[in-house]
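Have a look at the structure below before the remarks.
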Protein chains: 2
Amino acid sequence: MGVDADRYQVDERGQLARRSASWNIVHAVESGSDPQGAQSIQRAFTLLNLVAVMARDRPGGVSLAELARTSGRPKASVHRMLMALSQAGYVAQDADTSCYRLGFQATVLGELAGQSADRFGTAATDSLIRLSDLSADTTFLTVRHGSYAVCTRRQEGPGPIRNNALAVGDRHPLGVGAGSLAILSALPDQEIADVLAAHAGIRQRYPRYDDDTLWRLVRRTRADGYALNDGLFVPGSWAMGVVVRDTADQPVAALSIASIEQRLGEQRRAELALDLQREAAFTESNVAKVGMARVPAERSKDD
Amino acid sequence: MGVDADRYQVDERGQLARRSASWNIVHAVESGSDPQGAQSIQRAFTLLNLVAVMARDRPGGVSLAELARTSGRPKASVHRMLMALSQAGYVAQDADTSCYRLGFQATVLGELAGQSADRFGTAATDSLIRLSDLSADTTFLTVRHGSYAVCTRRQEGPGPIRNNALAVGDRHPLGVGAGSLAILSALPDQEIADVLAAHAGIRQRYPRYDDDTLWRLVRRTRADGYALNDGLFVPGSWAMGVVVRDTADQPVAALSIASIEQRLGEQRRAELALDLQREAAFTESNVAKVGMARVPAERSKDD
DNA sequence: GCGCAATGGTCCATATTATGGAACGCTTTT
DNA sequence: AAAAGCGTTCCATAATATGGACCATTGCGC
């Protein structure tokens, strides 16, 4: 740490967000359950996600050295995998700089995914637009995946404030971030305990999120009817979110609005909470129309 | 073969196209170069592509048995890989039917790919729309990937005729199909020979495309200035295409128009050829504006 | 109601496969 | 001129993926 820190000099908030997002991509899948004879596949997709997220705002692509450093794997292994990804068309290597970025198959896959893959995404589109419009802030759709929350949609608002703490593809443990916390809080206590236990090894990266804090946040979320991220993750960056349930009434996603502390006073929060809840209900009914879709939770063969 | 043939009863053309497309997905990567210690990764991505293409027009998803059959791999292996893909979020399993379809990460990847991954796609968008509009037929963008051509964009025309012989994600050997043939014909003779040699083991699946036929098609394409697929692949389904070059003057993509025999008489072909050539030039200049992007050719460490 | 043939899923000994330290050639920085 | 960085290749090693056999259910025909 510190070697590549100077890469992210844009602004203080963006930096923090970027760094931990990348780091998390790397360790998210690994800490899941037993790979059961598919370790190399997991590693390959983790690397693919890493390329995707790191190259997000670097048009030139990412260098092998950097990928190796960030992923923590030896150069040789990363290189071998990148060659495989490249031959599959999911990663392309710049002819001049030999840097890596997503390949055309990534686009094709997205195209083929279309509506069917991410029903919540399409169901929430209208809600996100409306919310961004009326709040003038940035809104997000976050979906649960095992004990993690992944940001799948981002809708910029018309206002001048841009919150860059979260971007499409970012992945954080359940509880970290407004939408993420909204999902976590909607789970039964036992499941929350499981999730927190699963994150035991990772929590060090989120120093402010110890178990007690998370339980406290969960209780507050349940009392308020919406999740509030009051700058715990990135100082000054506030956000609020509400859960979205699937047709089986499982909490699987969340709508959230991100802004800055000054724009989220108690009065405005009360208003926005109603808007969020209304749009969450709208999204839910929208999904119900299409049919049921559930993302399989991480296999918990624990003990 | 024959066991799952009844799955595709939609119409005669669609059926043929679907079947061979799926088959090809399976064998495309494998027959490439040496896996070099990344075999499982290649297999995993092949399976992912297969899920994507097979679930394309089956909203319910694809069953494990069918995937195993089509891919030719044992159930156990396919199942293990699907679990890995599922844990990565790239594949989702229907809770009720336990069928598989693309997961939300496929959408996220497509989103993150955005413009940068598939510059030809974005560069060609306008051209495709114009071509579909003026021809009232369906147009495609095809990109070269090694010795294969992959359809990355499809633009429906306003006309009543729908050609379903090609869809986004379909992958055929260079030379099979109008756009594919346009790319092949633009290569130097030596490289064409290499490509044909690489397909030696696969050609059996394309019975009408023996070496002699392909060389003949190449010569005709060069003479005419455009590639014509006169129903060789799917009887009655005709198409024409022209090559698109990158800034290094390499043939890397093609624009094509698909229709039926009756709508592609000699007179109309001459007109459309000019339109295609004009739009190809437009796309090329469009790409040049953004910057150079080349898809790495398959490593030919041959001999 | 009873086979029969599908299905999805699991197990585990086997050997095929991925692994990553070390070394190379190269360019850039010091 | 040395040092440090880069992308890339090699190869013995051991960890890994493999897939045949097996089980539990479900759906169908009779």
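Keep in mind that what you see is a predicted model, and the values were worked out from it rather than measured. Sequence lines set the chain letters: A, B, ... in the order given, protein chains first and strands last, and positions in each chain run from 1.
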(request) Test side chain to side chain contact (heavy atoms under 4.5 Å, CB included) on B:Leu48 and B:Leu102 and set out the steps. (result) CA-CA 8 Å; B:Leu48 180 61; B:Leu102 286 184; 3.8 Å; yes
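- B:Arg80 has its CZ atom 17 Å from the P atom of C:dG8, to the nearest Å.
- The nearest whole Å value for the distance from the NE2 atom in B:His79 to the P atom in C:dC11 is 11 Å.
- Residue B:Ala76 is classed as a base contact, given a heavy-atom separation below 4.0 Å to a base.
- Nearest heavy atom pair, residue A:Val62 against residue A:Glu66, reads CG1-OE1, 3.7 Å.
- Separation of atoms CG (B:Leu82) and NZ (B:Lys75) is listed at 13.0 Å; rounding is to 0.5 Å.
- Nucleotide D:dA4 holds its P atom 16 Å from the CZ atom of A:Arg69, rounded to whole Å.
- Each of A:Cys99 and B:Lys75 has a nearest nucleotide on DNA chain D; the 5'-most of these lies closest to A:Cys99.
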Polar pairs (N or O, both sides) under 3.5 Å between protein and nucleotides 24-28 of chain D?
none

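- What separates CD of B:Glu66 from P of C:dG8 is a distance of 9 Å, to the nearest Å.
- Rounding to whole angstrom units, CG of residue A:Leu82 and C1' of D:dG7 are separated by 11 Å.
- Ring geometry for B:Tyr206 versus B:His172: interplanar angle over 60°, hence perpendicular rather than tilted (30 to 60°).
- For B:Ser77, taking side-chain heavy atoms from C-beta onward, the closest of the listed nucleotides C:dG21, D:dG19, D:dG7 is D:dG19.
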Protein-nucleic acid N or O pairs under 3.5 Å, nucleotides 15-17 of chain C:
| from | atom 1 | to | atom 2 | distance (Å) |
| --- | --- | --- | --- | --- |
| C:dT17 | OP1 | B:Gln39 | OE1 | 2.8 |

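- The CG-P distance, from B:Leu67 to C:dG9, rounds to 11 Å in whole Å.
- Per the geometry, CE belonging to B:Met81 stands 17 Å off C1' belonging to C:dT10, to the nearest Å.
- From B:Asp194, atom CG reaches atom CG of B:Asp189 across 11.0 Å, with rounding to the nearest 0.5 Å.
- Between A:Arg56 and A:Asp170, at least one side-chain N (NZ, or NE/NH1/NH2) sits under 4.0 Å from a carboxylate O, which counts as a salt bridge.
- One atom, CE of A:Met83, and another, P of D:dC10, lie 12 Å apart when rounded to the nearest Å.
- Rounded to the nearest 0.5 Å, atoms CG (A:Leu187) and CD1 (A:Ile192) are 5.5 Å apart.
- Put simply, A:Gln42 has no side-chain N or O that comes within less than 4.0 Å of OP1 or OP2 on C:dA18.
- Side-chain contact between B:Phe104 and A:Arg144 is absent, with no heavy-atom pair separated by less than 4.5 Å.
- Between C:dT7 and B:Ser63, no contact under 4.0 Å exists linking OP1 or OP2 to a side-chain N or O.
- Applying side-chain contact (heavy atoms from CB on, under 4.5 Å) to B:Thr70 and the options B:Leu50, B:Val53, B:Leu47 leaves one that passes, B:Leu50.
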